[in-house]
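The structure appears right after this line, and notes come after that.
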Protein chains: 2
Amino acid sequence: MKNHQITIIDIANTLNLSKSTVSRALTGHPNVKLKTRERVLELAAELDYQRNQLAISLLTNRTQTIGIMVPEFLSSFFPKVIIGAQDVLAQAGYNVVICHSNESYETEISNTKLLLASRVDGILVSHTKETRNFEHFKIFERKGIPVVFFNRIVDEMSVSKVAVDDYEGAYQAVEHLIKTGKRRIAHLAGPDSLQNSRSRLNGYRDALTNHQIPIDPSLIISYDLTLDKANIYVNHLLNLPQPPDALFAINDPTAIEALKVIKSRGLRIPEEIAIVGFSDDPISALIEPGLTTVSQPVDEIGRQAARLLLNQLAAEDERPEPELVVLPTRLIVRGSTMA
Amino acid sequence: MKNHQITIIDIANTLNLSKSTVSRALTGHPNVKLKTRERVLELAAELDYQRNQLAISLLTNRTQTIGIMVPEFLSSFFPKVIIGAQDVLAQAGYNVVICHSNESYETEISNTKLLLASRVDGILVSHTKETRNFEHFKIFERKGIPVVFFNRIVDEMSVSKVAVDDYEGAYQAVEHLIKTGKRRIAHLAGPDSLQNSRSRLNGYRDALTNHQIPIDPSLIISYDLTLDKANIYVNHLLNLPQPPDALFAINDPTAIEALKVIKSRGLRIPEEIAIVGFSDDPISALIEPGLTTVSQPVDEIGRQAARLLLNQLAAEDERPEPELVVLPTRLIVRGSTMA
DNA sequence: TATATTTTTGGGAACATTCCCAAAATACTG
DNA sequence: CAGTATTTTGGGAATGTTCCCAAAAATATA
């Protein structure tokens, strides 16, 4: 009595019907007498009946659940992506399970197992900076569970992907610095394992080259996105015999860390050194000076990723061709590059 | 063949065993011959067998899943709480489903249904600012599913709760302002529907009273936490014939919005007007001047909430008495109150 | 009124697993 | 070696739902 949950059989017994009829009434099947349906719905509401999704999932082998795995969610970026994705998925009747791998390859793998065990219908993934082997994601493919990568995408897998135009964003950022008269432009880059780090680096390189500025390898530092290291590298750059007159950072947290270091050394921004970030984190508009940054349509990344996943799920028998969506970026100029 | 998932029956047939024996071998039941167990485990690994949690959940009526519902996750507060809770819950073998109600009562109710339908074993909740009726949470109680409230707790329900000492935090913040010589201290309060708004307001009131400063109702404004309204109210306060010389804001985003308004009007902080926030959002240390704020142990809130839920889940038959955990706050003094 | 047609309902199987009880196989005891 | 105790295995029920097919009831047609 205490722990007994109400089932369609309870309703059936009370109303002297079979479970089949009750099931039909509740699912809106046409072949059920109006009067009967009303009686069933009324009693169901009264008893606070909730259909048991577990039983249905067991039967249909679909859980109506999508897994989203992100490497972190302390910066505002991934929460916003998740909100966008969740919005689209909820509209399509899907539930969402969120995992964060905490930038750890190990955790990513164990999350992967967890999602498989809970039988999600599909996953949205942004992998960790440590991930170089993608076997654990290929299991999903083999089981016919669609995977969509976003933000951090990976060439090795032929699945749908959503990214922003990192190359173009970086190119414009650096070109902007050049136009404001900067010549020794440093780049605090992300780890080589991330496709977007590589693209931004390429954008940086090509912008310099196309404006006849030689590339100085000592001004390019790849780092692992751990903020205390950013601090060290910025200091290193500033201590160079020929220090940079501008810094393009891989993301806004890095740029903000740089800005703190630079301010603490009493250098004038942007006169002595200009700074550009990437993402347009809300903090960027609040700090002093405001941070020039490459904004990306964050929640649209989530929405698009969700849509691509739904496209894969829609096809009953054969999975459709994977799609690649590249969203545009936009340079937002603030005080850190222009007085 | 294509879509067929491997079950214990497949293994049983291949090895000429019954499904019972295979089940026992896989679950580590003692009564199974060593040789048999080895054969089963070997074949299971070879076939990439994954036990179907759905079937087990259906049988045991436990999903090993906990729902966490938060009103938003754009500020860093709730993501941090979630990370803390998830950490503790994962350790105990629980899966986590995250919902955000987006500060909407409607969405909260529909999330509630979703969590019921997916048969979570328990939930952690911080309700929306619109929620005044808690019937939808009482359904969980009735079904024997434990609920723990955190951050935004509610008197109407006798369940476990985790909060910080809002009263004391507010008291100390206001006392600090008084000690720096401020006398006309305004309070931009949260909505009356939130228990923590009310506690902070009480702390504010008592601090003034205990220091023989009369309470001026025109300096107390309750608002709905929508930032553009904060902007309007701060302007209103500054336009008073006798404007405040200090502002205690319900949270950091509000305080930062106030700070922007005040700076744009050219007032000196803290000389002409001092500001204190609540929560110690990471932004608070980055802006200029740094924001004095009442810090709370954010991820510990999540951890404690998870622990209280596990306590409820641990008891097989009878639910133990609800617990209330109140965590301490700490005032962090920065430039917005002291030069 | 009898028959044909349509609407409405009921009874099982199926989903993957665990658990209980009984049966079979093996080991132990006198 | 028979009898008993123990280990190991198998069979079936149960979990809550949907879906298919057949049965029953209601309605239409001749």
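In what follows, every chain begins at residue 1, and chains take the letters A, B, ... in the order their sequences are listed.
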Rounded to the Å, how far apart are [X] [atom1] and [N] [atom2]?
X	N	atom1	atom2	answer
A/Asn61	D/dC19	CG	P	14 Å
B/Lys19	D/dT8	NZ	P	20 Å
A/Leu58	D/dT18	CG	P	12 Å

Any base atoms under 4.0 Å from [X], or only sugar-phosphate, or nothing? Heavy atoms, all strands.
X	answer
A/Ile56	sugar-phosphate
A/Leu54	nothing
A/Thr7	sugar-phosphate
B/Asp10	nothing

* **Contacts of type ring pair (Phe, Tyr, Trp, His ring centres under 6.0 Å), residue A/Tyr94, not counting sequence neighbours** => none
* Asked: Sequence neighbours excluded, which residues qualify as ring pair (Phe, Tyr, Trp, His ring centres under 6.0 Å) partners of A/Phe150?
  -> none
For [X], all residues meeting side-chain hydrogen bond (donor to acceptor under 3.5 Å, both in side chains), sequence neighbours excluded:
X	answer
B/Thr36	none
A/Arg307	A/Glu300
A/Gln91	none

* To do: Any pair with a residue in residues 89-107 of chain B that passes salt bridge (Lys or Arg N to Asp or Glu O under 4.0 Å), sequence neighbours left out, goes on the list, sorted by first then second residue, please.
  => B/Glu103-B/Arg152
* Structure fact -> Students should find that the nucleotides of DNA chain C closing off the region near chain A, any atom under 4.0 angstrom from a heavy atom, are C/dT8 to C/dA16
* **Inter- and intrachain pairs under ring-ring contact (aromatic ring centres under 6.0 Å, His included), touching residues 24-82 of chain B, at least two apart** => B/Phe73-B/His100
* Sorted by first residue and then second, give each ring-ring contact (aromatic ring centres under 6.0 Å, His included) pair with at least one member in residues 110-131 of chain A; sequence neighbours left out. => A/His127-A/Phe134
Using residues 20-27 of chain A as the side-chain source, report each donor-acceptor pair under 3.5 Å to any protein atom, sequence neighbours left out, with the distance given to one decimal.
residue	atom	partner	partner atom	Å
A/Thr21	OG1	A/Ser18	OG	3.2
A/Thr27	OG1	A/Ser23	O	2.8
A/Thr27	OG1	A/Arg24	O	3.3

* Hey, is NZ on A/Lys113 packed in by over 12 heavy atoms from elsewhere, all under 6.0 Å? -> no
* Asked: Quick one: do A/Glu135 and A/Arg142 make a salt bridge, cutoff under 4.0 Å?
  -> yes
* Asked: Roughly how bent is the helix from C/dT1-D/dA30 to C/dG30-D/dC1 end to end, in steps of 10 degrees, with each end axis from five pairs?
  -> 50°
* **Close residues, residues 23-39 of chain A, relative to DNA chain C [heavy-atom separation under 4.0 Å]** => A/Arg24, A/Asn31, A/Val32, A/Lys33, A/Thr36
